[in-house]
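Before any comments, here is the structure.
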Amino acid sequence: MIIVKIHQANKRKIVSLCDANLIGKKFEDGNLQLDVSNLFYNGEKLNEEGILNVVKDADSLNIVGVESIKFSLKNKLVEEVNIIKIKKIPHVISILK
């Protein structure tokens, strides 16, 4: 299940997509840290069409988790070359505008 949260900051729309099972967890790998905080990631569950509708006018995307990354690659929201892994958890930030 993918959870979506929309953030509005300085007239910019930032959308986070996250696998539901990762919310509230922290991952560290060397000097890399990924904090999948409730505040930033915990939003609502949307179907595929709903997610695509939300991201179509986003300024940036913050995506965490295997399911969320697979969805994003399938829908050409991100490129695989930009994905990093922290403790085997895939993560990508994509600036769209």
Side-chain angles (χ1 to χ4, degrees):
M1 173 186 345
I2 297 174
I3 302 296
V4 179
K5 184 151 184 190
I6 301 167
H7 304 272
Q8 297 286 349
N10 300 325
K11 298 183 181 181
R12 294 183 55 79
K13 180 179 178 183
I14 302 164
V15 177
S16 64
L17 305 178
C18 183
D19 292 8
N21 64 321
L22 299 177
I23 294 176
K25 297 182 180 179
K26 289 184 182 182
F27 304 92
E28 292 184 26
D29 194 356
N31 55 349
L32 296 176
Q33 181 180 0
L34 177 59
D35 184 357
V36 190
S37 71
N38 276 305
L39 181 65
F40 192 80
Y41 290 97
N42 200 8
E44 61 183 301
K45 177 186 174 188
L46 295 177
N47 63 22
E48 189 167 321
E49 183 180 331
I51 296 170
L52 291 173
N53 208 24
V54 166
V55 302
K56 71 180 177 190
D57 62 345
D59 294 294
S60 65
L61 303 174
N62 193 316
I63 306 164
V64 177
V66 173
E67 188 177 339
S68 297
I69 293 289
K70 281 184 184 177
F71 169 84
S72 299
L73 287 169
K74 174 182 148 193
N75 289 286
K76 297 180 177 29
L77 301 175
V78 298
E79 294 181 20
E80 193 159 357
V81 68
N82 296 317
I83 299 167
I84 64 168
K85 289 189 178 181
I86 300 174
K87 285 290 186 187
K88 299 183 181 178
I89 305 298
H91 177 252
V92 67
I93 296 173
S94 180
I95 306 300
L96 306 172
K97 297 180 187 174

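For the numbers below, each heavy atom of this structure counts, side chains included, while hydrogens, waters and symmetry mates do not.
The hydrophobic cluster containing Leu34 also contains Ile84, counting ILVMFWY residues as joined when their side-chain heavy atoms lie under 4.5 angstrom apart, directly or transitively. At a threshold of 4.5 Å between side-chain heavy atoms, the hydrophobic network of Ile, Leu, Val, Met, Phe, Trp and Tyr places Val55 and Ile63 in one connected group. Note: the hydrophobic cluster containing Ile3 also contains Ile89 (ILVMFWY, side chain heavy atoms under 4.5 Å, direct or indirect links).
Counting only distance, with no hydrogens or angles, the side chain of Ser94 and the backbone of Val78 share no donor-acceptor pair below 3.5 Å. Counting only distance, with no hydrogens or angles, the side chain of Lys87 and the backbone of Lys26 share no donor-acceptor pair below 3.5 Å.
Rounding to the nearest 0.5 angstrom, the gap separating the NZ atom in Lys5 from the CG atom in Leu46 is 13.5 Å. Between Phe71 atom CZ and Ile51 atom CD1 the span is 4.5 Å, to the nearest 0.5 Å. Note that NZ of Lys56 is 13.0 Å distant from CG of Leu77, once rounded to the nearest 0.5 Å. We find the CZ-CG distance between Phe27 and Leu22 to be 5.0 Å, quoted to the nearest 0.5 Å. With rounding to the nearest 0.5 angstrom, the CD atom of Gln8 is 8.5 Å from the CD1 atom of Ile14. Here the CE atom belonging to Met1 is positioned 13.0 Å from the CG atom belonging to Asn47, to the nearest 0.5 angstrom.
A pairwise comparison of heavy atoms in Leu39 and His7 identifies O-CE1, 4.0 Å as the closest pair.
Residues passing the side chain to side chain contact (heavy atoms under 4.5 Å, CB included) test with Ile83, sequence neighbours excluded: Ile69, Leu73, Glu80, Pro90, Val92.
Residue pairs meeting the side-chain hydrogen bond (donor to acceptor under 3.5 Å, both in side chains) criterion with at least one partner in residues 59-74, sequence neighbours excluded, are Asp19-Ser68, Tyr41-Asn62, Glu48-Lys74, Asn62-His91.
Counting heavy atoms of neighbouring residues, nucleotides and ligands inside a 6.0 Å radius, atom CD of Gln33 exceeds 12 of them.
With a 4.5 Å cut-off between side-chain heavy atoms of Ile, Leu, Val, Met, Phe, Trp and Tyr, the cluster of Ile95 takes in Ile93.
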Legend entry - Candidate pair Ile23 and Cys18, rule side chain to side chain contact (heavy atoms under 4.5 Å, CB included), full reasoning: CA-CA 7 Å; Ile23 294 176; Cys18 183; 3.9 Å; yes
